[in-house]
Amino acid sequence: RAIKLFLKFSTLLLPEGVKGLICADCFFPEMWFKSFSKHNIFLVTLFATNSNADKIVSYPENIMIEKALNQIDEICYIHDKKENKGFYSSLSKKASNSYIGYHFQDWGKDPYVKMGYSHYSLNMRNEDLSVMQLPVTNNKKTQEEGQGKLWFAGEWMNAKIGRAHV
């Protein structure tokens, strides 16, 4: 099982160069940050798999979001670009004060999704991606028609990025 919770904020939570965090003892063990500063939108993606994901989805959605926001408040701070300083969440300004909304995706409910994360193997070559991009099938006709039984998706299929989130 793999899950992602996308939280949208109106304020930059961390300096632009911070792309992600591993938070082993937190409610959500992985977080990624994406800035759409032209639109004043800042996205935090929270990710979990296996037993972590099972534990998280056992909560009602509103409690799951509350726990995720509490985690972000503990970790992040509001970054003030003008004065180049941050206001840590333990002070008066909390990251959750700029929370706008969310989208939740639970791939454990999808009967066709059987993974959530992958990396290149040590000896993998970029040429191997062309093979991975083909549908897996035993039937040449269905392969030619793009009707394979197994598809790999996500950013992993891009040779410049090198990981899948399905």
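We use all heavy atoms of the structure for the numbers below, so side chains are in, but hydrogens, waters and symmetry mates are not.
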Colleague: Answer whether the closest heavy-atom distance between the side chains of Y99 and I65 falls below 4.5 Å.
Modeller: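 Yes, side chains in contact.
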Colleague: Name all residues meeting the side chain to side chain contact (heavy atoms under 4.5 Å, CB included) criterion together with K38; count only those two or more places apart in sequence or in a different chain, and write none if there are none.
Modeller: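 So K38 forms no side chain to side chain contact (heavy atoms under 4.5 Å, CB included) with any residue.
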Colleague: Among F28, W32, F104, F27, whose ring pair (Phe, Tyr, Trp, His ring centres under 6.0 Å) with F47 holds?
Modeller: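 Among F28, W32, F104, F27, the one meeting ring pair (Phe, Tyr, Trp, His ring centres under 6.0 Å) with F47 is W32.
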Colleague: Between D106 (side chain only) and G108 (backbone N and O only), is there a donor and an acceptor less than 3.5 Å apart?
Modeller: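 Present.
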Colleague: Y59: which residues meet the side chain to side chain donor-acceptor pair (under 3.5 Å) condition with it, sequence neighbours left out?
Modeller: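 Side chain to side chain donor-acceptor pair (under 3.5 Å) check on Y59 returns nothing, list empty.
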Colleague: Could you pull out all residues at least two apart from K8 that satisfy side chain to side chain contact (heavy atoms under 4.5 Å, CB included)?
Modeller: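 For K8, the residues satisfying side chain to side chain contact (heavy atoms under 4.5 Å, CB included) (neighbours in sequence not counted) are I41, I100.
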Colleague: With sequence neighbours excluded, tell me which residues meet side chain to side chain donor-acceptor pair (under 3.5 Å) with Q105.
Modeller: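 Residues passing side chain to side chain donor-acceptor pair (under 3.5 Å) with Q105: none at all.
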Colleague: Roughly how far, to the nearest 0.5 Å, is the NZ atom of K67 from the SG atom of C26?
Modeller: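 These two atoms lie 11.5 Å from each other.
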Colleague: Just wondering, do K4 and H103 contact through their side chains at under 4.5 Å, heavy atoms?
Modeller: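 No, too far: nothing below the 4.5 Å cut-off.
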Colleague: Side-chain heavy atoms nearer than 4.5 Å, only ILVMFWY residues, links allowed to pass through others: does that put L43 and I75 together?
Modeller: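 Different hydrophobic clusters.
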Colleague: For the pair Q71 and C23, evaluate side chain to side chain contact (heavy atoms under 4.5 Å, CB included) and give the outcome as yes or no after the intermediate values.
Modeller: CA-CA 10 Å; Q71 175 179 327; C23 319; 4.1 Å; yes
Colleague: Check whether any side-chain heavy atom of I72 lies under 4.5 Å from a side-chain heavy atom of M31, and answer yes or no.
Modeller: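 In contact.
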Colleague: What residues, two or more places apart in sequence or in another chain, satisfy side chain to side chain contact (heavy atoms under 4.5 Å, CB included) together with A53?
Modeller: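 Applying side chain to side chain contact (heavy atoms under 4.5 Å, CB included) to A53 gives R1, I3, A48.
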Colleague: Which heavy atom in S96 sits nearest to a heavy atom in F9, and how many Å separate them?
Modeller: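 Looks like CA-CE2, 4.3 Å.
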Colleague: State the CD-CG distance between E30 and L21, to the nearest 0.5 angstrom.
Modeller: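 If I round to the nearest 0.5 Å, the distance is 10.0 Å.
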Colleague: Sequence neighbours left out, what passes side chain to side chain contact (heavy atoms under 4.5 Å, CB included) with N40? Give chain and number order.
Modeller: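 Applying side chain to side chain contact (heavy atoms under 4.5 Å, CB included) to N40 gives none.
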Colleague: Can you list the residues that meet the side chain to side chain donor-acceptor pair (under 3.5 Å) rule with T45, with sequence neighbours excluded?
Modeller: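 Residues passing side chain to side chain donor-acceptor pair (under 3.5 Å) with T45: none at all.
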